[in-house]
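Structure record follows, encoded as structure tokens.
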Amino acid sequence: AQSVTQPDIHITVSEGASLELRCNYSYGATPYLFWYVQSPGQGLQLLLKYFSGDTLVQGIKGFEAEFKRSQSSFNLRKPSVHWSDAAEYFCAVVFSYSGGGADGLTFGKGTHLIIQP
Amino acid sequence: NAGVTQTPKFQVLKTGQSMTLQCAQDMNHEYMSWYRQDPGMGLRLIHYSVGAGITDQGEVPNGYNVSRSTTEDFPLRLLSAAPSQTSVYFCASSYGEGNEAFFGQGTRLTVV
């Protein structure tokens, strides 16, 4: 079955430290991959996306993500986090043109990022 | 540029009451969706539309109705509210599957 897994429910990182948030999917082909961020009380904002080509994708706010086909993963990274990065992060996947609704997105359950001073 | 606008931002309903959550977008997007967000569950698709006059069910459609009479608007109706419908609801629009989805600010609904 098609699925998206974010194995870490919470992650705590010190300000200035590096960050990696994990995302794995289960699917027989390469899907479209997205990372969204949700600040408290806000809607979701797109950080970056991968459709094809270079497997290292640059996004907004200094984030990047790497697609690894062999591991069915699309992990989000940032070299040095800021207190303003504290938020909920969602990995989302479009598995095919026939499923998932209008925009085709299937979301992971999210990772809550806490920044320690 | 307003993007995706949801109203109201907060709502408290009594069990059995009905209401409509409004969603409007000004980007001329054909594709619109409704999601609900519950703690630890991520976002789950309720209903979606690929154009005016066309709607379909998502993962959790029970208890909700939608219609799409115009490109801009995609209201979500709760016919008889239940405590299980207490959630945060998000409307999203996009140019189509695989394109960036733009989200509204959400409606926090409490059913007592």
Side-chain angles (χ1 to χ4, degrees), chain A residues 1-10 21-25 27 29-53 57 59-60 87-112, chain B residues 2-7 9-10 23 25 27 29-52 54-61 64 66 68 71 74 76 88-108:
Chain A
Q2 301 163 350
S3 63
V4 183
T5 302
Q6 293 180 245
D8 304 305
I9 298 174
H10 300 278
L21 302 182
R22 297 183 290 165
C23 174
N24 294 93
Y25 64 89
Y27 186 51
T30 300
Y32 292 174
L33 299 155
F34 303 79
W35 275 99
Y36 282 86
V37 61
Q38 182 184 31
S39 298
Q42 300 295 311
L44 279 72
Q45 180 183 24
L46 180 69
L47 284 175
L48 45 78
K49 60 186 178 184
Y50 173 79
F51 287 175
S52 64
V57 181
I60 63 171
E88 192 84 14
Y89 291 80
F90 292 96
C91 180
V93 178
V94 175
F95 287 112
S96 73
Y97 282 107
S98 62
D103 43 46
L105 291 168
T106 300
F107 284 87
K109 294 185 177 181
T111 297
H112 184 61
Chain B
V4 180
T5 302
Q6 290 183 238
T7 56
K9 286 185 169 38
F10 301 94
C23 176
Q25 52 91 9
M27 297 173 281
H29 286 167
E30 288 294 323
Y31 287 44
M32 297 186 74
S33 305
W34 275 103
Y35 295 86
R36 60 177 289 173
Q37 183 180 24
D38 302 293
M41 299 295 292
L43 277 76
R44 293 182 291 170
L45 182 67
I46 304 172
H47 284 285
Y48 65 96
S49 170
V50 298
I54 305 169
T55 64
D56 207 344
Q57 297 181 349
E59 179 185 357
V60 288
Y64 308 95
V66 292
R68 184 93 181 273
T71 299
F74 190 43
L76 178 71
V88 181
Y89 292 84
F90 288 98
C91 179
S93 74
S94 73
Y95 284 112
E97 200 169 68
N99 288 279
E100 177 183 356
F102 292 83
F103 286 81
Q105 295 294 296
T107 295
R108 183 174 294 275

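Keep in mind that this is a model prediction, so the values were computed, not measured. Here is the naming used below: chain letters follow the sequence lines, and residue numbers restart at 1 for every chain.
Here CG of A:Leu105 is found 6.0 Å from CZ of B:Phe103. Values are rounded to the nearest 0.5 Å.
Listed by chain and number, the residues in a side chain to side chain contact (heavy atoms under 4.5 Å, CB included) with B:Arg108 are B:Phe10, B:Val88 (sequence neighbours excluded). For B:Ile54, the side chain to side chain contact (heavy atoms under 4.5 Å, CB included) partners are B:Val50, not counting sequence neighbours.
Looking at A:Phe107 and B:Leu45, their side chains never come closer than 4.5 Å, going by heavy atoms from C-beta outward.
Proximity to chain B is absent for every atom of A:Ile9, based on heavy atoms less than 4.5 angstrom apart. Heavy atoms closer than 4.5 Å to chain A are found nowhere in B:Glu59, neither backbone nor side chain.
Put simply, of B:Gly40, B:Pro39, B:Cys91, B:Gly58, the one with the most heavy-atom pairs under 4.5 Å next to chain A is B:Gly40. Note on B:Asp38, B:Val4, B:Asp56, B:Leu43: by heavy-atom pairs under 4.5 Å with chain A, the leading option is B:Leu43. Between chain A and the residues B:Glu30, B:Met41, B:Gln37, B:Arg44, the largest count of heavy-atom pairs under 4.5 Å involves B:Gln37.
Of all non-hydrogen atoms in A:Gln38 and B:Phe90, the two that sit nearest each other are NE2-CZ, 3.2 Å.
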